Amino acid sequence: MDMHMPHTSRLCHLCTGCMTSVLGPGRSASQRDWWLPEEHGCHGEARHIEPKELRGGEMEADEINNLLAELTAQDETDLLEEQESDNGSDFSEGDEENPEDSGTGGVEVEDIEALVTDVQDHVFGELRMPYQLVQDIQNGWQAFITSQGSRDAVGEAIYAAIFDAAPELQHLFKTARSIMAMKFVVGLNSLITELGNPAQLKVVTEMLSFQHLDIQVTGPRAAVFRDAIVELLEMELGSALTPQVKAGFQAILNYSAGAMIYVRREYSDRIQLLRTSWLAAMHARLGQDEEKDFTNDDKELEKFRNDEGLPDPNSKRAKKIQATKVPENFNEMFLFNAAVMGFHTGIEWMMQVLDQFENMVLNASNVNRLQEECDVLALRLIKIKEPIVFSEFKAIMLASLRSLVPKVWGVEHEVAWTWFWDNLERMIKAQIGQLKGQQRAVERFIRNLSEESVPELCRDVYRRFFEQTPSGQNYFKQSTTRLYFIAGKVLELCMEIYQRPRDMVEDISALGLRHVGYGILTEHFSPFVEAWSQAIYARNVDEKTCASLRWSLTLISKTLVRTIIEGSTLVMRAINTNSANKFKKAIMVTARNQREQELLKVTVGTQSISPLYWAIKSGAFNVARAMITDLLTIRADRDNYYFGCDALFERHPDILQECCAVRGQKLLPTLFDGLIWRSRSSVKKLRRVNFFVKHLIQNSDNTFNTYLPAIVKLNDPKLIGHPVVSFVFNLLWTHLARYYFLRSRLLFLFLVLMAVTSQSILPRINPRAESDSQRIALFICRVVLYFVDLLPQLLEHVRLTVRDCKQRSLFYVGGFVPAPAYLNNLPRVGQLALIFCMLLMFIQEPILACFSNMHGDFAGSGLFTTHCPEAERRLDAYSVVSELTVLLHWALLVDLCIFSLRFCCYFLTCSRVLVELLHYGSAVLFIILAFSCGIGAFGSTIMDFDSIPSGALSLLKIVIGMFERNRFEALREIPQIYTVLVIFIMLTLVFLGSLLIAQIAGAYHNFLVDMQNYAVLFRSGITIDTVRSVRPKKWAAFLSSLGFEERIEFNEGDVGLAGGIQILEPANLNPTLVETVRRYGGSTSVDTPWPDEDALDRSSLEARLKHIEKLLVRATKAMTGEKKVGSEDSQGGSSASFLGSSAGAGSSASAG
Ligand code: HEM
């Protein structure tokens, strides 16, 4: 009859009569004996109860009966009828039972003592004890609590007793001591409280058992626990613990342990069933057949709806939902059914459950995880205002599952899901009950912490933690303030988990992943939480607050530990040791299609961490380099090429910037090396080279790569000289930027000509007697200058300034004057200076000044005259700014030199050397100032040195060789001044002059080495600015011309990877001996790892050594003229001597 349970369990209501008749005095009875009433014919009332037990206990039996009745259309009809008839008798009898009466039919004390010496795990029924005994046990328990002073103390005592009694079980105690102790008390207390109500006791025991699903409870282990607890009770209660009560305690403990073993053994099939049916339901795509079933199921839903008195499914609302979409997975089906069945009012809380339901189902056997989910769900549910009716969720859940997997659905599914939900319900309800008022308690505690008490608390926490776990000090090496900061964060987390549990789970998962990076071992968490608990407890905080903080911290710690366990991959561990070898070993076992994922994304829940970025950020550069090399190694089997370039840039578009930030670590060269492939063979003295530069040029949305400028900003000529980088910038320059740059420069060239014409040529032709056409031409030139040259530049600079100020991107001139970041660029500064000059020019403009008085009474009056008296007054200032404007225009044309790298090199060299000249000039100026002041103090009356300014001017003339020789000779008359002048000349001309030459030579030499690269760098900066201003349409056309979508060949006929550009380079430019594409034979399955590359390398190295040896032998022979006799032997002999190995030693002799 029982199709689901391998063990048939039958229960008799225990009574004194049964016991005595079955056991007889002195017989060592087992519980099995009590619970097989047919064997002893107990009152003829023996009955089967297993269906009731299987489905979660008597409390929900009616509900299950209803559901089972609905399934009569299915094949299991007969079976169900039989079960129902069994249940019917069972329930009726159960209903008659009165816990108060159980004392009359209970077990006698001495019998219990005899019966419960062993754990009974073959059956899980109800435990009934005599009423008096129940009372005595409960009193005894109360007395024990009173003797200890508090529940916490009881927990602590029990923990200590068990911990000391079973050293071999100590590894099971993973939770913090105080938490574990509390759990013991809560568990035992709930058992003892429900002792008088066998049905409820069974429910509580089942829940406890459910929470022990992943702990291996065994008879001997349970005995250790039991004996430790009972001994403790004996010790504390002394004579107050009568033998009967002691036996009662033993019975309870054995009962619960038996239940745990039973549940673990018997329910594993159910958990498997839950999992498979859930996966089927989540991925059910309804095909034709299933749609038919689904329609059938609709009828069932309707029946259910009628039974439940729910609204008409033909209601507008239901129709609307049905019309919208056919539900294809559990969540959709659930919402659909909820609407059809009319449960729309309570949907908010159901959505919260749905959000976590999958996690709960898939972790049904992982009690810690399940408990964690229930805790979080309880936190979410207590915030819901609407009434929560758990049975509604169950009804919709079952209906939805039935609809989704109608073909496989059976009674066993019904039973398993009901059982699962009932247990969940109990766990959630238990948490909700416990959570009341906790949030307020925690908030109050944290808000009331004074500024002085926080560091004190933190100190106490770390002190306790380090005392308990000295190795913890190895992790917390930071300054005390940082430790206080972390402790403050921990307190905040404790509060926030109550306030926004859903988001906090995400945040804590992310934090957990960071702890993976810190390399924290999970066993440290329990002492850490314990340290917190003790430190808070020591502050005389009320029990509620203590418990609330402990609860939230435990939940956080559980989530952290889980994240660490799930996120601690071998790669992450290798990062912690910064060992490239360990990394290689770790990655070796990874399937070839998972390799990129392993390096780029470790996911826990919805949070993920990138091992590569972690390696970079935590300074594990050896591993980071190895990772980049691994990702950018092209591997191939017969079917596929594997290259992590796309994955790398898609996951980390800003990888260039990250690598630039740690430029000293040579990550960028490693990265760029991986983007180039050179063929080993050459055809017609040309070699194929593939540059996989797609992601260097474009972002994922096909725009210009935002991070490429970071390379130019590094200002590193060596890096810009890397073949990949120079290829990219060359490509951008020649195919795109050159044209745009030339266009913009041509316009500027025209403006320069305008400036020269208007400022230097036209005003000089027939001054004051200009013709009208000349004046009109001048006017037009100046209009062009102000409106085509000045205005756009002005607007552009205003735009850039506003942008930088808004983004607060500033730099400080001389370390303290803030300036917009775009001005950190010499040409931009030149432009700004030009704008200022032209603005001044505009203000002083003579044509404007004379505009109202063009035809006045003055020489040269007339149309657009510049000679009116108003203009004459401004002429001096105007001439100066005009001169500067023309000069600046020419200066800004200098960047035209980038059209030729040679000119560019020369220009850059000059600018470099100019810096040295400036240094020299400033030193000379200082000396001139000093000497002119000194000579001024002497009080000379000689014309050239009669004041400080005239002295300084004369000294300057001496330096630049303009001081007349005869005047110098005249100074001989005044030896005081003459001597000073000689010293001055020695200093400035001899010493500083020689230094200047040496410096110029040195700077020139240094610069010369990378001159070409500096020129490319200069051009790259301009290229980037130009490409940024290219219109999107042109950019798209440029991208499509590169053909990144097409796969390019490696060697002829071998079509390789997309995302690259192939060029042909002279074969002698970069001799390439090693093929960089690693090709492997064997299986091409994507799930298999790549063969051990190191081993392959070694073998190939050996092979190559052998080959070289052979060549050497032949060469030696050819040189010595030795005849080819017994070549094999002689080769062997040489080989032995070359390698120094014993192989072929005999041959060596023969060769000799
Ligand atoms: C419930 C347990 C814990 C919580 C809530 C927690 C929380 C935190 C928080 C909030 C941070 C700062 C995060 C950041 O800025 O990246 C942090 C950092 C850290 N934690 Fe934990 N932690 C816990 C347990 C532990 C344990 C047991 C250890 C080691 C024995 C540990 C070691 C560290 C280390 C080394 C850091 C990095 C400090 C730094 O470099 O600045 N944590 N933890």
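Nothing fancy with the numbering, it's 1 onward along the sequence. As a basis for the values below, the full set of heavy atoms in this structure was taken, side chains included, without hydrogen atoms, waters or symmetry mates. First listed ligand is number 1; within each ligand, the first listed atom is number 1. Because the structure is predicted, anything quoted here is derived from the model rather than measured.
Protein heavy atom in closest approach to atom 42 (N) of ligand 1: His515 NE2, 3.0 Å. Distance from atom 24 (C) of ligand 1 to its nearest protein heavy atom, with residue and atom name: Phe525 CE2, 3.4 Å. With respect to atom 40 (O) of ligand 1, the closest heavy atom belonging to the protein is Gln478 NE2, 2.9 Å. Taking atom 11 (C) of ligand 1 as the reference point, the nearest protein heavy-atom neighbour is Ile486 CG2, 3.8 Å. The single protein non-hydrogen atom nearest to atom 10 (C) of ligand 1 is Lys489 CB, 3.5 Å, given as residue, atom name and distance. In terms of protein heavy-atom proximity, atom 26 (C) of ligand 1 is closest to Ile520 CG2, 3.9 Å.
Residue contacts with ligand 1 for Leu511 involve side-chain atoms from C-beta outward but no N, CA, C or O (heavy atoms, distance under 4.0 Å). Looking at Leu560 against ligand 1, only its side chain comes within 4.0 Å, counting heavy atoms. When non-hydrogen atoms are compared, ligand 1 lies under 4.0 Å from the side chain of Phe476 (C-beta onward) but not from its backbone. At a heavy-atom cutoff of 4.0 Å, ligand 1 is contacted by the side chain of Leu493 but not by its backbone. Under 4.0 Å from ligand 1, heavy atoms of Tyr475 appear from its side chain as well as its backbone.
Judged by distance alone, with hydrogens and angles left aside, the side-chain atoms of Asp542 form a donor-acceptor pair with the main-chain N or O of Thr545 at under 3.5 Å. Listed for the Asn705 side chain is a donor-acceptor partner under 3.5 Å among the backbone atoms of Tyr707. In this structure, the side chain of Tyr462 engages the main chain of Leu483 through a donor-acceptor pair within 3.5 Å. The backbone N or O of Cys805 lies less than 3.5 Å from no partner atom in the side chain of Ser809, so there is not a single donor-acceptor pair. Looking at Ser618, its side chain does come within 3.5 Å of a backbone N or O of Trp614 through a donor-acceptor pair. Listed for the Tyr498 side chain is a donor-acceptor partner under 3.5 Å among the backbone atoms of Ser548.
Taking the six-membered ring where the residue is Trp, Phe476 and Phe466 present tilted rings, their angle falling between 30° and 60°. Classification of the Trp421-Phe390 ring pair by plane angle, with boundaries at 30° and 60°, yields tilted. The aromatic rings of Trp278 and Phe357 stand perpendicular to each other, their planes meeting at an angle above 60°, with 30° marking the opposite boundary.
For ligand 1, the polar-atom distance check against Arg482 finds a nitrogen or oxygen pair separated by under 3.5 Å. Remark: ligand 1 and His524 share no N or O pair separated by less than 3.5 Å (distance only, no angle test).
Applying the 4.0 Å criterion to heavy atoms of Ile556 picks out, from ligand 1, the atoms 5 (C). Taking a cut-off of under 4.0 Å to the non-hydrogen atoms of Phe528, the atoms of ligand 1 that pass are 2 (C), 3 (C), 23 (C), 24 (C), 27 (C). Close contacts between ligand 1 and Arg514 involve ligand atoms 13 (C), 14 (C), 16 (O) [criterion: under 4.0 Å to a heavy atom].
For atom 18 (C) of ligand 1, the choice among Phe485, Tyr518, Phe466 with the nearest heavy atom turns out to be Tyr518.
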Stepwise side chain to side chain donor-acceptor pair (under 3.5 Å) check, Asn474 with Ser471: CA-CA 6 Å; Asn474 298 337; Ser471 58; 5.6 Å; no
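Look at Phe465 and you'll find a heavy atom under 4.0 Å from some atom of ligand 1.
Shown here for Ile609 and Leu513, the closest heavy-atom pair between the two residues is CD1-O, 3.5 Å.
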